[in-house]
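Everything on this sheet refers to the single structure shown next.
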Amino acid sequence: MNILVVGSGAREHILLKTLAQSPTKSTLFCCATSIHPGILQWTTTSAVVDIRNVEAVLAQALTWKINLAIIGPEAPLEQGLADLLLQHGILVVGPQKKSAQLETSKGFTRELCKKHQIPGTPQYQFFTELSGALPFLQTLGEGNYVVKADGLMGGKGVKVAGEHLHSIEEAFQFCMELYGKGLSFVIEEKLVGQEFSLLNFCDGERLFPMPVVQDHKRAFAGDTGPNTGGMGSYSDANHGLPFLLPAEIEAAQQINESVRKALQEECQEPYRGILYGSFIATKKGVYVIEYNARFGDPEVLNLLSILDCDFVELCTSLARGSLSSDQVRFKNLATVCKYAVPVGYPDSTPTPASFCISQVQNKDQLYLGGVHEDEGKLWATGSRTVAVVGIAPTISQAEQIAEAEICRIEGPLFHREDLGTPTLIGHRISMMERIREQGLS
Ligand code: AMP
Ligand code: GLY
């Protein structure tokens, strides 16, 4: 079997490693905008192509006689890469363009949930022009709004009241800025609570949930600083999270099921790929923050680290539309993933800096992201650089492993020391206890 992975971040590094570990021996290939040693280690051949150029990716796939393709990032999904590969008889993990709107258009997803009366939708309005935006901001009230650009914005399209927007005027300015760029946008109620990710394998008919994970978007300790692609994440041995009730996870999964069904009705095509619900548990219950149509990064590093089944078989069955629950298993272990990122990330584009991983003890649990190799040295190229994963019976033990390892990386990088510690998790538990009480009163 010839398998193609599209993309070359830490997500694709662990995808390739997990495919390589399968007893179903296959030959692995990669197409990406840049290739680094973590990808080269696991592939027979790789090629540098613009992965938004779907014809170029197809040409490589045909040359390499690919049987199965796994699409890592969202940009090629938006360009219809899955549609094109399917037309050429290649099995694909990743939804077609119409269904990928679940991620590529925030307006599409909110309207889908409203039309199908799916719970967990905050008050919102979708704007294709400016009229009505100011009155709606005023209706939500000062401090209670979020403005979201409708489209893939690389994490820079969402501004939240009290964090990035300090008055209704400033929020309206942002709406005008988006409108000026020709973008539609969503204004919605600001939700307060704890966020979590609930990813599913979807074979077009059925969902197979993965353990729940919590990502950490803020750059600095104590959830301060700018939003990032995700500084790290953890999952618990029981596949829940310490601050969540089983009923909250159940409610989120019910929403995922309803969204899959609604999407099938609207798009009239099977969704074969990863359906990733991003949720927030609030005093009024569980709400949807957004959907993604791919594996989350860093969440995939937690999840594939405890996968306890044949990943090639899983992906093949998913892409054929015949996945069964005995093909999807995870170990009962906790995981903590921490990213080291360049000093200055995410606000400035740091100049490439070399870093060294020779002191890291378990390189098996180290994944390269925004990295290139030159003359035997690794260089951080600007985005999230390198992730380590600790795996242990408890979150606290996994955190200690991850923290010790990340401290062994030498270079001008930083990470979140607090991520996964008992103190931070304790804060999350007490916040949820407080807000659940408010909900009852
Ligand atoms: P998104 O790109 O939609 O995931 O938004 C990025 C981040 O903005 C999320 O991880 C949340 O922290 C925050 N966010 C998005 N929507 C809301 C909302 N309605 N209320 C509060 N925070 C939000
Ligand atoms: N963990 C956030 C993302 O992958 O979008």
Side-chain angles (χ1 to χ4, degrees), residues 7 9-12 14-15 71-75 77 100 102-110 113 120-126 136-137 140-141 143-165 171 174 185-199 210 212-219 223-235 274-304 337-339 341 346 369 383-384 387 419 428 435:
R11 169 178 47 210
E12 290 75 24
I14 197 166
L15 284 170
I71 303 173
E74 58 279 20
L77 294 172
L102 195 59
E103 169 160 8
T104 61
S105 168
K106 293 187 189 288
F108 171 86
T109 300
R110 288 291 187 223
C113 291
T121 304
Q123 279 189 74
Y124 82 94
Q125 280 186 21
F126 181 33
F136 189 57
L137 285 166
L140 290 176
N144 189 34
Y145 42 80
V146 177
V147 181
K148 299 181 168 186
D150 189 57
L152 294 182
M153 303 288 290
K156 296 203 163 53
V158 176
K159 292 201 178 186
V160 180
E163 294 180 28
H164 320 94
L165 301 168
F174 183 50
F185 56 93
V186 171
I187 300 177
E188 63 188 38
E189 171 193 0
K190 178 178 170 180
L191 302 162
V192 178
Q194 280 299 319
E195 291 178 47
F196 60 98
S197 306
L198 178 46
L199 285 80
M210 302 183 219
V212 190
V213 185
Q214 187 175 46
D215 185 11
H216 295 66
K217 289 260 197 268
R218 298 302 203 91
D223 293 322
T224 57
N227 271 328
T228 68
M231 294 296 290
S233 43
Y234 59 79
S235 67
I274 309 303
L275 188 119
Y276 161 177
S278 169
F279 296 97
I280 184 165
T282 76
K283 65 178 180 185
K284 295 184 289 179
V286 170
Y287 282 77
V288 173
I289 291 280
E290 65 163 356
Y291 269 92
N292 293 319
R294 52 170 172 85
F295 274 116
D297 184 355
E299 290 93 331
V300 69
L301 299 166
N302 303 88
L303 294 165
L304 292 189
C337 166
K338 296 196 185 209
Y339 253 114
V341 303
S383 56
R384 290 173 293 169
L419 201 158
R428 306 229 186 290
I435 71 171

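By convention here, the first residue in the shown sequence is residue 1. Every number for a ligand or one of its atoms is a count from 1 in the order of the listing. Since the model is a prediction, treat every value here as computed from it, not as a measurement.
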Does an N or O anywhere in [X] fall below 3.5 Å from an N or O of ligand 1?
X      : result
Pro122 : no
Lys106 : yes
Lys148 : yes
Asn227 : no
Lys190 : no

Check your understanding: Where's the contact between Glu290 and ligand 2, heavy-atom distance under 4.0 Å: side chain, backbone, both or neither?
Key -> neither
**Study point:** Part of Glu74 with heavy atoms under 4.0 Å of ligand 2, whether side chain, backbone, both or neither
**Key:** neither
Review point. What is the nearest protein non-hydrogen atom to atom 5 (O) of ligand 2, stated with its residue, atom name and distance?
Key: Arg294 NH2, 2.9 Å
Point to revise | atom 1 (N) of ligand 2: nearest protein contact (heavy atom, Å) | key: Glu299 OE1, 2.6 Å
Review point. Where does the angle between the aromatic ring planes of Phe279 and Tyr291 fall among parallel (under 30°), tilted (30 to 60°) and perpendicular (over 60°)?
Key: perpendicular
**Study point:** Salt bridge Glu195-Arg428, side-chain N to carboxylate O under 4.0 Å
**Key:** no
Exercise for review: Just do the ring pair (Phe, Tyr, Trp, His ring centres under 6.0 Å) check on Phe174 and His164 with the steps written out, would you?
Suggested key: CA-CA 10 Å; Phe174 183 50; His164 320 94; 8.9 Å; no
Check your understanding: Does atom NZ of Lys283 have more than 12 heavy-atom neighbours from other groups under 6.0 Å away?
Key -> no
Practice item. Could you tell me whether Arg384 sits above the aromatic face of Tyr339, with NZ or CZ closer than 6.0 angstrom to the six-membered ring centre and within 45 degrees of the axis? Key: yes
Check each atom of ligand 2 against the heavy atoms of [X] and keep those under 4.0 Å away; list them by number with element.
X      : value
Asp215 : 1 (N), 2 (C)
Asn292 : 5 (O)
Lys217 : 2 (C)
Gly296 : 4 (O)

Point to revise | Tyr276 to ligand 2, any heavy atom closer than 4.0 Å | key: yes
Review point. Under a heavy-atom criterion of less than 4.0 Å, does Arg11 contact ligand 2?
Key: no
Check your understanding: Near Val158, which atoms of ligand 1 are under 4.0 Å from a heavy atom of that residue?
Key -> 1 (P), 2 (O), 3 (O), 5 (O), 8 (O), 15 (C)
Study note, to complete from the structure: In ligand 1, the atoms that come under 4.0 Å of a heavy atom of Glu195 are 9 (C), 10 (O), 11 (C), 12 (O)
Check your understanding: Can you name the one residue among Asn302, Val300, Leu419 that meets side-chain contact (heavy atoms from CB on, under 4.5 Å) with Ser233?
Key -> Asn302
Is a donor from one side chain sitting under 3.5 angstrom from an acceptor on the other, for [X] and [Y]?
X      : Y      : result
Asp150 : Ser105 : yes
Ser197 : Glu299 : yes
Arg110 : Gln125 : no

Study note, to complete from the structure: Contact region, Lys217 to ligand 1, non-hydrogen atoms below 4.0 Å, reads side chain
Practice item. Of the side chain and backbone of Leu191, name the one, both, or neither that has a heavy atom under 4.0 Å from an atom of ligand 1. Key: both
Exercise for review: Search all heavy atoms of Val212 against all heavy atoms of Ser235 and return the closest pair with its distance.
Suggested key: O-CB, 3.6 Å
Point to revise | Contact summary for Arg294 and Gly72, nearest pair of heavy atoms | key: CB-O, 3.3 Å
Exercise for review: State the OG1-CZ distance between Thr228 and Arg218, to the nearest 0.5 angstrom.
Suggested key: 9.5 Å
